[in-house]
Amino acid sequence: MRKAVLSALAAASLLPFQLSSATAAEVEVRTAGDLLNICAIADDDPRVEGARGFCYGFLSGAANYHRSVTAGSKAKPLFCLPEAGLSRADAAKRFVAWGQANPKHLGEAPVDGLMRFATATWPCKQAKH
């Protein structure tokens with residue numbers, strides 16, 4: 001019984017790696033347009049889970065990196081997310097809409113296009129002197 005349970009757990013733990021490996025092999029993200037295509041994948045596409053995970057991970061990683069490099073007292077952030085918070089799904093939808101409205105930027109590097117989107121979407125308020 002114990003061997004059966006351990007075997008089942010081991011098999012189940014491999015499933016996400018198989019799905020993500022297949023998705024990762026298919027994904028090349030060289031431009032902001034490539035990232036947009038991944039983030040815009042249709043709900044009925046069989047690759048939707050892997051694509052959404054990649055999209056959300058890319059957006060979260062870029063936001064976390066931006067937050068860490070602008071954490072110092074002299075650093076000026078490129079964008080300021082709303083204090084109420086923002087879901088990854090909402091950020092992805094907004095990125096897709098922005099990219100469709102601004103196709104001239106989709107040839108840029110993915111993170112450059114993403115930062116251009118974030119800067120335009122969530123500008124920081126200017127401090128009053």
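Only this structure's heavy atoms are used, side chains among them; waters, hydrogens and symmetry mates stay out. This one's a predicted model, so the numbers in the text were calculated from it and none came from an experiment.
- In the hydrophobic clustering of ILVMFWY residues, with side-chain heavy atoms under 4.5 Å counting as a link, Y56 and F95 come out apart.
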**Item:** Test log, rule side chain to side chain contact (heavy atoms under 4.5 Å, CB included), inputs Y65 and S68
**Value:** CA-CA 5 Å; Y65 180 74; S68 70; 4.2 Å; yes
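- Taking OG1 of T31 as the reference point, atom CG of N37 lies at 7.5 Å (rounded to 0.5 Å).
- Judged purely by atom type and a 3.5 angstrom limit, N64 has no side-chain atom pairing as donor or acceptor with the backbone of G61.
- In this structure the side chain of L36 never reaches within 4.5 angstrom of the side chain of W98, judged on heavy atoms.
- Judged purely by atom type and a 3.5 angstrom limit, D112 has no side-chain atom pairing as donor or acceptor with the backbone of E108.
- Heavy atoms only, all atoms of each residue included: A91 and L86 are closest at CB-CD2, 3.8 Å.
- In this structure, V48 and D43 approach most closely via the heavy-atom pair CG1-O, 3.8 Å.
- Screening R88, R94, K93 for a side chain to side chain donor-acceptor pair (under 3.5 Å) involving D90 leaves a single residue, R94.
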**Item:** Candidate pair C39 and L59, rule side chain to side chain contact (heavy atoms under 4.5 Å, CB included), full reasoning
**Value:** CA-CA 10 Å; C39 292; L59 271 60; 4.1 Å; yes
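- By the rule that hydrophobic residues join a cluster once side-chain heavy atoms approach within less than 4.5 Å of another member, I38 and F58 end up as members of one cluster.
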**Message:** Quick one, K76 with T70, criterion side chain to side chain contact (heavy atoms under 4.5 Å, CB included). Give me CA distance, side-chain angles, the key distance, then yes/no.
**Reply:** CA-CA 6 Å; K76 293 183 182 179; T70 59; over 6 Å; no
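- Of the inter-residue distances, the one linking L35 atom CG with F54 atom CZ reads 7.0 Å to the nearest 0.5 angstrom.
- For the atom pair CZ of R116 and CG of L114, the computed distance is 12.0 Å after rounding to the nearest 0.5 Å.
- L78 approaches H66 most closely through the heavy-atom pair N-NE2, 2.9 Å.
- Checked for salt-bridge contact, R52 and D45 miss the test: no charged N lies under 4.0 Å from a carboxylate O.
- Considering every non-hydrogen atom in both V29 and P110, the closest pair reads CG1-CG, 3.5 Å.
- Summarising the geometry of A32 relative to G113, their closest heavy-atom pair is CB-CA, 3.9 Å, with the distance given to 0.1 Å.
- Ring geometry for F117 versus W122: interplanar angle over 60°, hence perpendicular rather than tilted (30 to 60°).
- Contact detail for P77 and C124: the closest heavy-atom pair is CG-SG, 3.8 Å.
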**side chain to side chain contact (heavy atoms under 4.5 Å, CB included) assessment of F79 paired with T121** = CA-CA 8 Å; F79 60 92; T121 305; over 6 Å; no
